[in-house]
Each structure stands twice: as C-alpha cells, then as structure tokens.
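What you see is a predicted model; the values in this text were computed from it and never measured.
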Amino acid sequence: MRTGIGGRSVRDKSARSGTRAGPMSPLVRGMAIMLAFAATVAFSVVLAKLTLEPSAASEPLTHSNLRPGDSIRDYLAQPALRDTVKQLGGNLLLGVPFGLLLPVLVERARGLLRVSVATALVMTLVELVQGALVTGRAFDVDDVILNTTGALLGYLLLGRRLGRAVHPRRRHWWHRWSGSEKKAATAGTSRG
C-alpha cells in the first residue's frame, strides 16, 4: 500500500485485483531449465579443475582433516589475510552455484534442508575422491561445511526465488481448507 493525496491509502493494481504473475510458459520454463543445466555443466568443469587437479608440490603439506573447525581455525590464525580469504571465501563461493541452480534443475530439491543435504553429499563425494585419488590433495570436512554454507547463502539470496519462478508452488491436500476455497465454502453455507 502507498499513501496517496490527502493521506489516504492507495493499493497497487496487483494488490487490488488479488492476482499474481501467472506461471511461466512451457517454452520459457524449458529455456530456464536448459540454461541452468548448461550453467551446472560449466560449474562442474570449473569444480573439477579447481579440486581434482594433482598438486605434487603440496603433497608433503597435505593432511586429512576429520575434525570440524580445525582447518578454519588454522586459516584464521594465519598472518596472511589474502590466503585466509582465498581459502575460506573460495570454499564458500564454490557452494553458491548449488544453491542457485539446484532448485531450478530439480523441483523436489527446493527447500533449505534439501539444498544443504544435496550439497553436503556431493561435496563429501568430491572430498573423498580428492583425498583418495588426487596427489597433493586431502579430505577436509571444513571444505564440506564451507561449501554447504555457500550453497545455503546462494539459495537464500536468489535460488529460492529462481526455483519458485521456474517451478510454481504445488497445491497440497491441506491447502483445500485455506484461502479462497475456504471463503467460498463459508459463503456457500451462509446463503443456506
């Protein structure tokens, strides 16, 4: 609502009519899903390049971390702020595309819990492959935590809206007794 001339409240046209933007056309929806798929493929290539390339020079320095918070504390204790930002910020940013793209690609993956579980599973798999097969890389549980946090940020900032735009909300059985249907049912019984 806005305040009009003379202090009276004025409702927007969409608020007056009670309508919202309609669902996407199938063509636009298909294009959005294809674009999200292409972005996911591109992200997967970047993820593989960043995390699965061997680093022989780092081999003597690597060690697995199974205790949450240990690597984060180590990075925060470093005197070089640039390295800390690169490690922590990089791991956060690596998770953001999951939060943005997953709700668009997979309708059932919408929701904070679903996005976080899917991201944690994928990133745990990446870390396991890293630790087992890649020279100079090790499993780090803090990387999984930071990646998942990045996915949650991406989901909360934009992914939720993108997912809803492409996949409108479903009507569940419990919606039968709420909103306009409830009003229509009570109006029908009062005419009696």
Check: Just wondering, do E127 and T124 contact through their side chains at under 4.5 Å, heavy atoms?
Finding: no
Check: Can you tell me how far CG of L81 sits from CG of L76, rounded to the nearest 0.5 angstrom?
Finding: 9.5 Å
Margin query: Ignoring hydrogens, what is the shortest heavy-atom contact between D142 and G69? Give both atom names and the distance.
Written below: OD1-N, 2.6 Å
Next item on the list: Please report the closest heavy-atom contact between T119 and A151, naming both atoms and the distance.
Entry: OG1-CB, 3.4 Å
Margin query: Quick one: does any side-chain atom of R110 pair with a main-chain N or O of P103 as donor and acceptor, under 3.5 Å?
Written below: no
Item checked: Linked, directly or transitively: L158 and V166 (ILVMFWY side chains, under 4.5 Å) -> yes
Margin query: On a heavy-atom basis, which atom in P68 and which in I145 lie closest, and how many Å separate them?
Written below: CB-CD1, 3.8 Å
Notebook entry, point to check: Distance from T148 atom OG1 to L153 atom CG, nearest 0.5 Å?
Noted result: 11.0 Å
Check: side chain to side chain contact (heavy atoms under 4.5 Å, CB included) with L47: which residues, sequence neighbours excluded?
Finding: F43, T51, L94, M123, V126
Note to self: Checking the side chain of R114 only, and the main-chain atoms of R108 only, is there a donor and an acceptor separated by less than 3.5 Å?
What the structure shows: yes
Note to self: For the backbone of G111 and the side chain of Y155, can you confirm whether one donor and one acceptor N or O come within less than 3.5 Å of each other?
What the structure shows: yes
Check: Side chains of L112 and L156: does their closest heavy-atom pair fall under 4.5 Å?
Finding: yes
Next item on the list: Identify the heavy atoms of S71 and D140 that sit nearest to each other, and give their distance.
Entry: OG-OD2, 2.7 Å
Checklist line | Spatial distance of atom CG (D143) from atom CD (Q87) [nearest 0.5 Å] | finding: 7.5 Å
Note to self: Main chain of N91, side chain of N147: is a donor-acceptor contact present, judged purely on distance under 3.5 Å?
What the structure shows: yes
Notebook entry, point to check: Measuring from Q130:CD to L125:CG, what's the distance to the nearest 0.5 Å?
Noted result: 11.0 Å
Next item on the list: Can you spot which of V129, N65, L66 makes a side-chain contact (heavy atoms from CB on, under 4.5 Å) with F139?
Entry: L66
Note to self: Quick test of your reading of the model: are D83 and K86 salt-bridged, counting only N-O distances below 4.0 Å?
What the structure shows: no
Next item on the list: Say whether, by atom type as modelled, one donor and one acceptor occur between the side chain of H167 and the main chain of V104 under 3.5 angstrom.
Entry: yes
Item checked: Any donor-acceptor N/O pair, T84 side chain to Y75 backbone, under 3.5 Å -> yes
Got a list of side-chain donor-acceptor pairs under 3.5 Å for residues 31-41, not counting sequence neighbours?
{"from": "T40", "atom 1": "OG1", "to": "A36", "atom 2": "O", "distance (Å)": "2.8"}

Notebook entry, point to check: Under a single-linkage definition using a 4.5 Å side-chain heavy-atom cutoff for Ile, Leu, Val, Met, Phe, Trp and Tyr, are L92 and I72 assigned to the same hydrophobic cluster?
Noted result: yes
Check: Do the side chains of S25 and V28 get nearer than 4.5 Å, heavy atoms only?
Finding: yes
Check: Does S116 reach the main-chain N or O of L113 with its side chain, forming a donor-acceptor pair under 3.5 Å?
Finding: yes
Note to self: What's the separation between atom CG in L88 and atom CD in Q78, rounded to the nearest 0.5 Å?
What the structure shows: 8.5 Å
